[in-house]
Amino acid sequence: MTDQDIDPATMRKQYRSEIVDEGGLAENPMDQFALWFQQAADSRLFEPNAMVVSTATPDGRPSSRTVLMKQFDGRGFVFFTNYASRKGRELAENPHVALLFPWHPIARQVIVTGTAARIGRDETAAYFRSRPHGSQLGAWASEQSSVIESRGELDRRYAELEARYPEGEQVPVPPEWGGLRVSPEAVEFWQGHENRLHDRLRYVLDGEKWRVERLCP
Ligand SMILES: Cc1cc2nc3c(=O)[nH]c(=O)nc-3n(C[C@H](O)[C@H](O)[C@H](O)COP(=O)(O)O)c2cc1C
């Protein structure tokens, strides 16, 4: 290590925030998420809908990446991707998934575990049509997660598509592209506090009902 390097072991922040107590929580995790998501947005966090999605192969080899959560409601969290990508293939074989929203500036994180399933083609088409023209072409140009010869090859594919579908022309939805909805089985709300005495409140699905348990920090 050189003198200029930052040593992460010495980086320490004291978190100051309100105690989260069980009585003040919503009855179900999606309503609680809606509240925290609004507060994250109100705090002007950069992309509060960015979340880390972790998947695993059937024999338990994990992988993680960031995606943008585009919809949430009582059924769960939706993101859009290429079904033939690494995550898409892993989820097709093993639907168990973890999501993590890392809201560091407000000393919060939300961790979801559950299962992922493809949303309907009509839902995917509705969202695809709401995307900018360039992003629609990008979805066609990229065989996500596959090896490509060069950046130039990607640009060449994009230029071809641009010629075929100029601005204003409707771009069809790529067959391998679409949404995945994560139905939660457990959702943990983490709020940082002083002296590492953080709040960790986890909703766990108990049959049809959500139960809340407190975890040691
Ligand atoms: C802020 C951010 C947002 C991203 N959003 C998405 C997204 O919504 N969908 C997506 O497929 N990839 C998204 N990516 C790219 C993924 O992190 C990843 O590189 C890609 O999906 C391929 O992952 P895989 O090979 O593990 O399947 C995003 C990356 C970043 C940094």
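Start at 1 and go down the list; that is how both ligands and their atoms are numbered. Small disclaimer: the values here were computed from a predicted structure and weren't measured.
Residues Gln39 and Arg108 bring a donor and an acceptor atom of their side chains to less than 3.5 Å of each other.
Among pairs with a residue in residues 138-172, none fulfils ring-ring contact (aromatic ring centres under 6.0 Å, His included), at least two apart in sequence or across chains. Pairs passing the salt bridge (charged side-chain N to carboxylate O under 4.0 Å, His left out) check and including a residue from residues 123-139, sequence neighbours excluded, read Glu123-Arg181.
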Show me the short polar-atom pairs for ligand 1: any N or O of it lying under 3.5 Å from a protein N or O, with distances only.
residue, atom, partner, partner atom, Å
ligand 1, 5 (N), Leu68, N, 3.4
ligand 1, 8 (O), Leu68, N, 3.1
ligand 1, 9 (N), Phe80, O, 2.9
ligand 1, 11 (O), Thr81, OG1, 2.6
ligand 1, 11 (O), Gln144, NE2, 3.1
ligand 1, 14 (N), Thr66, O, 3.2
ligand 1, 17 (O), Thr66, N, 3.4
ligand 1, 17 (O), Thr66, O, 2.6
ligand 1, 21 (O), Lys87, NZ, 2.6
ligand 1, 21 (O), Gln144, NE2, 3.1
ligand 1, 23 (O), Lys87, NZ, 3.3
ligand 1, 25 (O), Ser145, OG, 2.6
ligand 1, 26 (O), Arg65, NE, 2.7
ligand 1, 26 (O), Arg65, NH2, 2.9
ligand 1, 27 (O), Ser85, OG, 3.4
ligand 1, 27 (O), Arg86, N, 3.3
ligand 1, 27 (O), Lys87, N, 2.9
ligand 1, 27 (O), Lys87, NZ, 3.0
ligand 1, 27 (O), Ser145, OG, 3.3

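Side-chain rings of Tyr203 and Phe189 approach one another, their centers coming within less than 6.0 Å.
Listed by chain and residue number, Arg200 satisfy the side-chain hydrogen bond (donor to acceptor under 3.5 Å, both in side chains) test with Glu188 (two or more places apart in sequence, or in another chain).
Residue Thr55 is tested with Lys87, Arg86, Glu90 for a side chain to side chain donor-acceptor pair (under 3.5 Å); the sole match is Glu90.
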